[in-house]
Each structure stands twice: as C-alpha cells, then as structure tokens.
Amino acid sequence: MAYHSSFNEENCRSLGNMAFLPIKTKIRGPADSFHDASQDDIIDEALNLFRANCLFKNYEIKGGADRVLIYLTLFISECLVKISKTPASGLNPNEMQKSLNTLALSSFVIPGDPTFPLGALFAAPSERQETDLLRQYITQLRQETVLRLMDRVYQGDQVPSKWWMMFSKRKFMGKSF
C-alpha cells in the first residue's frame, strides 16, 4: 500500500482538484508560508516518501494533497534522471543545482494540458486566472523541491548519494514528464 499525504485532512483552497498548500520557502510565489518551520510541509513529505512511493505502479488518491504529492514525486524522479545522465566528471553540485533550477523554471505541463501524463487523475483548472495561479504555484513547488533535493542527494559531497541515485531508473506509476 502506497503512502499518502498527511495534508489530505487539511481544509485548504483547491486549484483544479490539487490542494493549494502552504510551504516553507524563501522563493517568491503564491503559496502561503507554512505555519510551523519545525514540522514537515508537503515538499518534505514528498522527499521523505519518494523512495517508498516510487516503487508503486498504482496509487489510490485520497485527497488534493495526494495529487500534489504525485506531482512532486514525478518531478523528483525527473530531477534524479537529469542528475544520473550527467557524467561523473561533469557538473559539481553548484552547477547541477543551476541545471535543475533551469529545469524547474523551464516550460512544463500542468494538469489540464493535453500532454499531462496523469490527465485522468487531475482536473483542469476551470478558468484562465486559476490556470495561471496553478502554474505559478507549481513553479514555486518545483524550485523549492530542487533546493531541498540537492541537500539530500549531495549531502555536502561532490558526488550524488547512491542511495538516491538508485531510484533514478524507477518510474512512479510507470509515468514520467
């Protein structure tokens, strides 16, 4: 059985059918600040559950926060693939972080786009303003995820952790961006 988000119980705004959750971040964006810096937010939760959840081919969605967790899991997987395709003699952690930041800010599909890989599980935003807000929110999530992922994957070393990189070939639910 897959691990679900503890934020499914929270009463929060929804974009499409994705929860619009507060996050701990210094990156500007539409998300509210997380109320308690000592507790995990949705990004911490996605990073903590990534290695367990990426082993699953099916995932029962129990709320809007699970959809955010799914999105972040797919993005983390995309980041690990990018890191693994870089030659060992290639980029140092600072250069890799710049490369992943570029990935986070590059053009990407959101729920409602025809090429979104899990379109059946996500509802499209109902209006243009909501679509723009969702894109800004996802951009903020992606940027903050890159920062935290780099801390975990490199852990102060010049080479990525093999305990993270071994999951670069796994596809969560058989999908990728």
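Scope of the values below: all heavy atoms of this structure, side chains included, with no hydrogens, waters or symmetry mates.
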Atom of Met96, atom of Thr86 and distance for their closest heavy-atom approach: CE-OG1, 3.0 Å
Determine the minimum heavy-atom distance between Met150 and Leu100, stating which atoms define it. SD-CD1, 3.5 Å
Side chain to side chain, Met18 and Ile138, heavy atoms closer than 4.5 Å: yes
Contact check, side chains of Arg13 and Leu133, non-hydrogen atoms, under 4.5 Å: yes
Side-chain touch Leu49/Glu45, heavy atoms, less than 4.5 angstrom: yes
Which atom names give the shortest non-hydrogen contact between Pro125 and Leu134, and what distance separates them? CG-CD2, 3.6 Å
Nearest heavy-atom approach of Ser168 to Val81 is O-CG2, 3.2 Å
Side-chain donor/acceptor of Asn92 to backbone N/O of Glu95, under 3.5 Å: yes
Output, in order, the C-alpha distance, side-chain angles, deciding distance and verdict of side-chain hydrogen bond (donor to acceptor under 3.5 Å, both in side chains) for Tyr3 and Asn48. CA-CA 10 Å; Tyr3 295 96; Asn48 292 338; over 6 Å; no
Under 4.5 Å between side-chain heavy atoms, hopping through other hydrophobics if needed: is there a path connecting Tyr154 to Met165? yes
Candidate pair Ser5 and Val68, rule side chain to side chain contact (heavy atoms under 4.5 Å, CB included), full reasoning: CA-CA 9 Å; Ser5 176; Val68 177; over 6 Å; no
Charged N-O contact under 4.0 Å between Arg148 and Asp41: yes
Hey, does the side chain of Asn8 reach the backbone of Asp66 with a donor-acceptor pair shorter than 3.5 angstrom? yes
With heavy-atom distances below 4.5 Å as the criterion, would you say the side chains of Ser77 and Phe167 are in contact? no
What residues, two or more places apart in sequence or in another chain, satisfy ring-ring contact (aromatic ring centres under 6.0 Å, His included) together with Tyr137? Phe20
Are side-chain heavy atoms of Pro160 and Ile83 found at a separation under 4.5 Å? yes
Any donor-acceptor N/O pair, Arg67 side chain to Ala19 backbone, under 3.5 Å: no
Identify the two heavy atoms, one from Arg51 and one from Cys54, that lie closest to each other, and give their separation to 0.1 Å. O-SG, 3.6 Å
Taking side chain to side chain donor-acceptor pair (under 3.5 Å) as the test, write out the residues that go with Thr102, two or more places apart. none
Basic-acidic side-chain contact under 4.0 Å: Lys24, Asp44: yes
Would you say Leu69 and His4 make side-chain contact, with heavy atoms under 4.5 Å? no
Do any N or O atoms from the side chain of Thr131 and from the backbone of Glu127 form a donor-acceptor pair under 3.5 angstrom? yes
Are a donor atom and an acceptor atom from the side chains of Ser38 and Asp36 found within less than 3.5 Å of each other? yes
Atom CD of Glu9 with >12 non-hydrogen neighbours under 6.0 angstrom: no
Does NZ or CZ of Arg135 lie under 6.0 Å from the centre of the six-membered ring of Phe108, at an angle within 45° of the ring axis? yes
For Gln155 and Ser161, what are the C-alpha separation, side-chain angles and deciding distance, and is it a side-chain hydrogen bond (donor to acceptor under 3.5 Å, both in side chains)? CA-CA 8 Å; Gln155 299 173 349; Ser161 165; 4.8 Å; no
Do the two ring centres, one from Tyr71 and one from Phe122, sit under 6.0 Å apart? no
Assess whether side chain to side chain contact (heavy atoms under 4.5 Å, CB included) is satisfied between Asn17 and Ile61, documenting all intermediate values. CA-CA 11 Å; Asn17 57 358; Ile61 296 173; over 6 Å; no
Among all residues two or more places apart in sequence or in another chain, which pass the salt bridge (Lys or Arg N to Asp or Glu O under 4.0 Å) test with Arg28? none
Answer whether the closest heavy-atom distance between the side chains of Val146 and Leu103 falls below 4.5 Å. no
Tell me whether the count of non-hydrogen atoms from other residues, nucleotides or ligands lying under 6.0 Å of CD in Gln39 goes above 12. yes
Check whether any side-chain heavy atom of Phe172 lies under 4.5 Å from a side-chain heavy atom of Phe50, and answer yes or no. no
Phe7 and Phe34 aromatic ring geometry - parallel, tilted or perpendicular at 30°/60° bounds: perpendicular
So which heavy atom on Leu47 is nearest to which on Trp164, and how close? O-CH2, 3.5 Å
